[in-house]
Amino acid sequence: MSTTTLTPKITMAQAINTALRDAMTADDRVVVFGEDVGPLGGVFRVTDGLTASFGEDRCFDTPLAESGIVGMAIGMAMNGMRPVIEMQFDAFAFPAFEQIVSHVAKMANRTRGKVRLPMVIRVPYAGGVGGVEHHCDSSEAYYAHTPGLLVVTPATNADAYGLLRAAIDSPDPVIFLEPKKQYFSKEEVDVTAPVPPIGRAVVRREGRDATLITYGPSVPVALAAAEQAAAEGRDVGVVDVRSIVPFDDETVCAAVRATGRAVVVAEAPGFASVASEIAARVTERCFHHLEAPVRRVTGFDIPFPAPKLERHQLPGVDRILDAVDDLQWEES
Amino acid sequence: MSTTTLTPKITMAQAINTALRDAMTADDRVVVFGEDVGPLGGVFRVTDGLTASFGEDRCFDTPLAESGIVGMAIGMAMNGMRPVIEMQFDAFAFPAFEQIVSHVAKMANRTRGKVRLPMVIRVPYAGGVGGVEHHCDSSEAYYAHTPGLLVVTPATNADAYGLLRAAIDSPDPVIFLEPKKQYFSKEEVDVTAPVPPIGRAVVRREGRDATLITYGPSVPVALAAAEQAAAEGRDVGVVDVRSIVPFDDETVCAAVRATGRAVVVAEAPGFASVASEIAARVTERCFHHLEAPVRRVTGFDIPFPAPKLERHQLPGVDRILDAVDDLQWEES
Amino acid sequence: MSDSLSRMLDEHGNVVEGVDPATLPPLADLLDGYRALVVARRFNDQASALVRQGRLAVYPSSHGQEACQVAAATVLGEHDWLFPTYRDCAAVVTRGVDPVEVLTLLAGEWHCGYDPVATRVAPQCTPLATQLPHAVGVAHAARLKGEDTVVMALCGDGATSEGDFHEALNFAAVFRAPVVFLVQNNKYAISVPLARQSAAPSLAAKGVGYGVPAELVDGNDLAALTSVLAAAVERARSGGGPTLVEADTYRIQAHTNADDASRYRNDDEVAKWLPRDPLLRLKAYLTAQGVLDAEREAAFAQVAEEMAAHVRAGSAGEGTADPSELFRHVFAEPTPQLREQSELLAAELTADLEAAR
Amino acid sequence: MSDSLSRMLDEHGNVVEGVDPATLPPLADLLDGYRALVVARRFNDQASALVRQGRLAVYPSSHGQEACQVAAATVLGEHDWLFPTYRDCAAVVTRGVDPVEVLTLLAGEWHCGYDPVATRVAPQCTPLATQLPHAVGVAHAARLKGEDTVVMALCGDGATSEGDFHEALNFAAVFRAPVVFLVQNNKYAISVPLARQSAAPSLAAKGVGYGVPAELVDGNDLAALTSVLAAAVERARSGGGPTLVEADTYRIQAHTNADDASRYRNDDEVAKWLPRDPLLRLKAYLTAQGVLDAEREAAFAQVAEEMAAHVRAGSAGEGTADPSELFRHVFAEPTPQLREQSELLAAELTADLEAAR
Ligand SMILES: Cc1ncc(C[n+]2csc(CCOP(=O)(O)OP(=O)(O)O)c2C)c(N)n1
Ligand SMILES: Cc1ncc(C[n+]2csc(CCOP(=O)(O)OP(=O)(O)O)c2C)c(N)n1
Ligand SMILES: [Mg+2]
Ligand SMILES: [Mg+2]
């Protein structure tokens, strides 16, 4: 087991791998399991080498059954362990939906807090990888709508490390959504930095004219859009929500109040989505600061399209800038 | 098989039963199945007598497995039938979530329209019946967020009849959410009235001062609130959404534009919900008509509470009126 | 082994031909078991009465299945776990949990009543078969921790049709988890008869497909049940992996008080099962063995009556029903959103109070 | 019956001892089958090549499993249905669907390529085991309509662990639906070996738990597979209900081109399976029988090459990829919401075009 040092540039997959490693080293109640997470190291190599380092009991493959995996994790958490399980792709978590909604989310409440489930369900999610059907779903709304689940999604490799450490340490179950298109992008990560608390958004870019509110895979896109807006003379800020549940109203609303204009950006189909929630709550809280309605740039309400068409579904720089342009500038 | 005549006063359960009966009589591709829907007639007696009238092949019990039920319905729909299946309670549809999201919703798109699934999934939903856990969930957001599903919920017995007939006739799959607390309330139903199209909201009460936007089990509550508001001198209208997908922006927005004030009322936890969607889209479309932010009166973001506490969770008349009071009247 | 029925005592309390009486559980244990049966029966009847009186929302009775309830609980050691369903109140009571707490959920509370970790009894589970993978997880965790804990997981015949049953059995087999799965085949899933549930020769036959040893046992014969389950627990404890046990029994009463069984079965069928009552045959046997007499019977009845009185007294109150609890346990630390919502409700309640003055 | 392996031809193409050669499928059928194997193998190789050339996104090859692919398709009648997985392209091709259409999904389109109703082939299914209940539904509907359709439903060893496998088998058994379930046990689910998937003596052993007759057959022996599957289809057609068939075979190549099998298995294991190649043994048998010679072999190769050329030609284009199709098929009639979104996209595209001028 390597001791952790300041890593110069690592991929998001490596950042997550390091977080798992460090958590397993720090606490032997942490166990990792799922489909192909053992010798193979996961289809995205996120669990690479964990079985070799920590042994079969700490990182292992299961039979191919997602409800069984989540169900077993629940039992292990009931009996004092801290399971971190992997759903191979977003859509393959759906067979476990009942376990997640009826048990993971409700066990603590049902037992008046006597049985909390300190487990993490890691879900590689969203598109941008040219995947075939069922491999690119953005499923955060299902989880965020379910009371009792914490829902977290990193947008940087540093957050991937830090938030996963926080998620594993959390006494409550966390749905940890990993933007899979970023697995192999490299960034500097200081793994010795303090673990960020779950529940805090972060301003990725200050901006005086308008605010983009976004998370996960759309953060780099929003930053690119802000960059381009700047080139066009508009100062657009970007808030990375990071934690969908709990939601950081304070940071988000402060940013929106300062600009009076906001666009929510997310990949998932827009109808009854997390973007709907953000738009609704920001409006409720900042109504008299708003110069224009909060706009949403989201996926269309269609099944995730195939590789050849996915660029049309994903919120891109142009679509974001069009929405910003729409924020009734002439009137101000 | 009785021929259908104008029925004086029947319960919602009877209205649905009559719709099933009439649809089965009209079209022998219509088959009904699920748990306990045969000889027992369903735990709510909605399918009462169908096996006796139409035989075991047209209305039958299955083994106890919801994913299997939905999956079998998909296959039967692929092979030319029109299955109408019952999920016994809202939370017991969750084991079938993968079948619903990955297949029911996507089959038509995946096959370029060659295989449409004309099936109806009936789900008794929501609270108000003092049910134990798992028996009172409002799960509409999960379905409404999933592209490819029509999501319909009646609030009156007439609509229960008419919308179910429309749902069974639909070439697309319909999630038909039945407000279970209304199963045994009686109303007049003219079953000879033209079948209402899916996708149209209806103004249940005109009002000049504010608009309540709601659906399903909250419609009677909103009407009661409007009644009380009237007594207090405020003219509050009520729009019954009826069809969550497709959504009738026209009717809803027309009502809101006329009043400039709106409250969305729904039982489900508010976070990332259908209420969020309605608030967000109404704001997007009616921003400059709004005197105040659109308010939401929804369930709290907690697991549905037990009988003794459920009254605190359900949007009630007082909470709705408080929200109406909050619509910044002093400023207008 | 999975197709032939294990039975020790016949309906009249006689040792079945071919069974060596020495293999029966010790008389003292059977006497304790009989007392537990009497208490369990009384508990079922008391709970049903509370429903009729409107003091309990609903009660799925295990009347007639008490031998399964008692055996499942008594074969376990202190550190073992029990995973019950909604129908297994009597097993939880036999395990030693306060019967008032056991009825909490059914009385209309939002929580399970007892402390699952302290009692080593999981919350009674409503979504069918979903608790079975949890049982495997508890067992596998115990194994990883080097503990010799065994887990007893209960479900009904209907629940065996759910995907989670399959996944749990398979996981248990692959990980050799120390779990005993006890299927109480009471022939009905609400209104749906066994024939609509399975075309297999028996439910025990499902063990083969997982590589799990399985046993079909007379579910109304406490002696046979105890022997079979105790052996399964012992095998699990000593590293031999899971066992599937099907108990052949019958749901004498309706599914719950809300159910009308006359819509789907006739009284003749029920009548046939009445003489097979688990209490009758054990009573006959113990009486014949000379360890049970009227005095002892009366003493047991007395214990049962005290339990019933305790249940009645405990079910009198309105329960906790403190609205602030709605938000307290959802997360270890309420989110800002829940805090806001909690304050909203508190303000409403205060306003209501003031208005009521 | 479910634990012993059915085999007719050994690895050298000799009729297995104890098998009456008269029970083998007719030579003419086996010759057709051999041609289909040659085509299937060529198809697998061609598709893999297209992936290497970047013209196909991904390809899960059935190289080495072609006997299963061919048998599953050829035992079906015109009106029967086939339910394939992502790995069963070759079966769909054998069934007669245009091989270019078969590759549509894997080429990066959002749709399955062929018309499932016209071809009686369900879309190739990715979420494991989820297609099995659909197969039961198609079969049950056929039965209700009085048609004698049979459904062949395919899945892998890994997929048998999913709850949907269980529910489908059970439904089929209870409704006596005319379905044949063929499990291609190729020993791996991506990296996970059979031992981690199941502790059962065989996957065929799972049949018992549903009351479904089951058969374990050499999955590389086209003669045995055809016999077993044809008998199962006949039983289903004549009202005898479902059958579970486990084909003992091996995934010779990696899971897909994206997989690195060296991380979880060694070449020795693979090498052991190479001599059991389904083509080799049938070729030896047919040659020995005097019905296959170099000329015929060349003719078959020619057919395979033509198919491959057709595939190459068909995979050249960019596909449809018309953005307006994104909204066209979601519902029979696009909702107002979809119409609005479609117009938004159209406007964007027009603006882009104009900007590009
Ligand atoms: C997943 C799920 N589906 C449906 C139900 C509704 N339901 C409650 S009990 C029951 C019948 C269960 O039968 P069985 O497993 O035989 O247990 P028994 O009630 O006979 O003890 C049904 C369908 C449920 N609780 N959970
Ligand atoms: C529900 C679901 N979970 C996970 C996956 C990801 N996945 C794709 S193929 C595969 C292995 C399947 O193994 P098996 O059933 O043996 O079929 P084979 O690939 O060997 O033909 C996995 C885990 C999936 N497609 N569906
Ligand atoms: Mg039962
Ligand atoms: Mg396999």
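Chain letters run A, B, ... following the sequence lines, proteins first, then strands; residues in each count from 1. Because the structure is a prediction, the values reported are computed rather than measured.
Contact annotation: the side chain of C/Pro123 approaches that of A/Met107 to within less than 4.5 Å [non-hydrogen atoms, C-beta and beyond]. The shortest distance between side-chain heavy atoms of A/Pro63 and C/Phe175 falls below 4.5 Å. Counting heavy atoms from C-beta outward, C/Cys112 and A/Arg112 have side chains that stay 4.5 Å or more apart.
Residue C/Glu234 places its CD atom among more than 12 non-hydrogen atoms of other residues, nucleotides or ligands, all under 6.0 Å distant. Around atom NE2 of C/His310, more than 12 heavy atoms belonging to other residues, nucleotides or ligands sit under 6.0 Å away.
Note on A/Gln99, A/Met81, A/Arg58, A/Glu98: by heavy-atom pairs under 4.5 Å with chain C, the leading option is A/Gln99. Interface check for chain A: of the options C/Val117, C/Asp164, C/Val151, the most heavy-atom pairs under 4.5 Å are formed by C/Asp164. The greatest number of non-hydrogen atom pairs below 4.5 Å with chain A, out of C/Tyr114, C/Trp81, C/Phe171, C/Phe83, is found for C/Phe171.
Heavy atoms of A/Asp172 lying under 4.5 Å from chain C belong exclusively to its side chain. Looking at A/Ile69, both its backbone and its side chain come within 4.5 Å of chain C, counting heavy atoms on both sides. At a 4.5 Å heavy-atom cutoff, the contact between A/Ser102 and chain C is made by side-chain atoms alone.
Residues C/His140 and A/Phe60 place their aromatic rings such that the two centres sit under 6.0 Å apart.
Summarising the geometry, atom CG belonging to C/Leu132 is positioned 14.5 Å from atom CE belonging to A/Met72; distances are rounded to the nearest 0.5 Å.
Between C/Glu167 and A/Gly68, the shortest heavy-atom distance links the atoms OE1-N, 2.6 Å. Across C/Pro116 and A/Lys114, no two heavy atoms sit closer than the pair CD-CB, 4.0 Å.
Using modelled atom types, one side-chain atom of C/Trp110 and one backbone atom of A/Asn109 make a donor-acceptor pair closer than 3.5 Å.
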request  = Evaluate the salt bridge (Lys or Arg N to Asp or Glu O under 4.0 Å) criterion for residues A/Arg285 and C/Glu340: first the C-alpha distance (whole Å), next the side-chain angles of each, then the deciding distance (0.1 Å), finally the verdict.
outcome  = CA-CA 13 Å; A/Arg285 282 148 210 264; C/Glu340 215 173 73; 2.7 Å; yes
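Salt-bridge formation is not detected for the pair A/Arg116/C/Glu333: no Lys NZ or Arg NE/NH1/NH2 atom is positioned less than 4.0 Å from an Asp or Glu carboxylate oxygen.
For the residue pair C/His111/A/Thr111, the side-chain donor-acceptor check at 3.5 Å is not satisfied.
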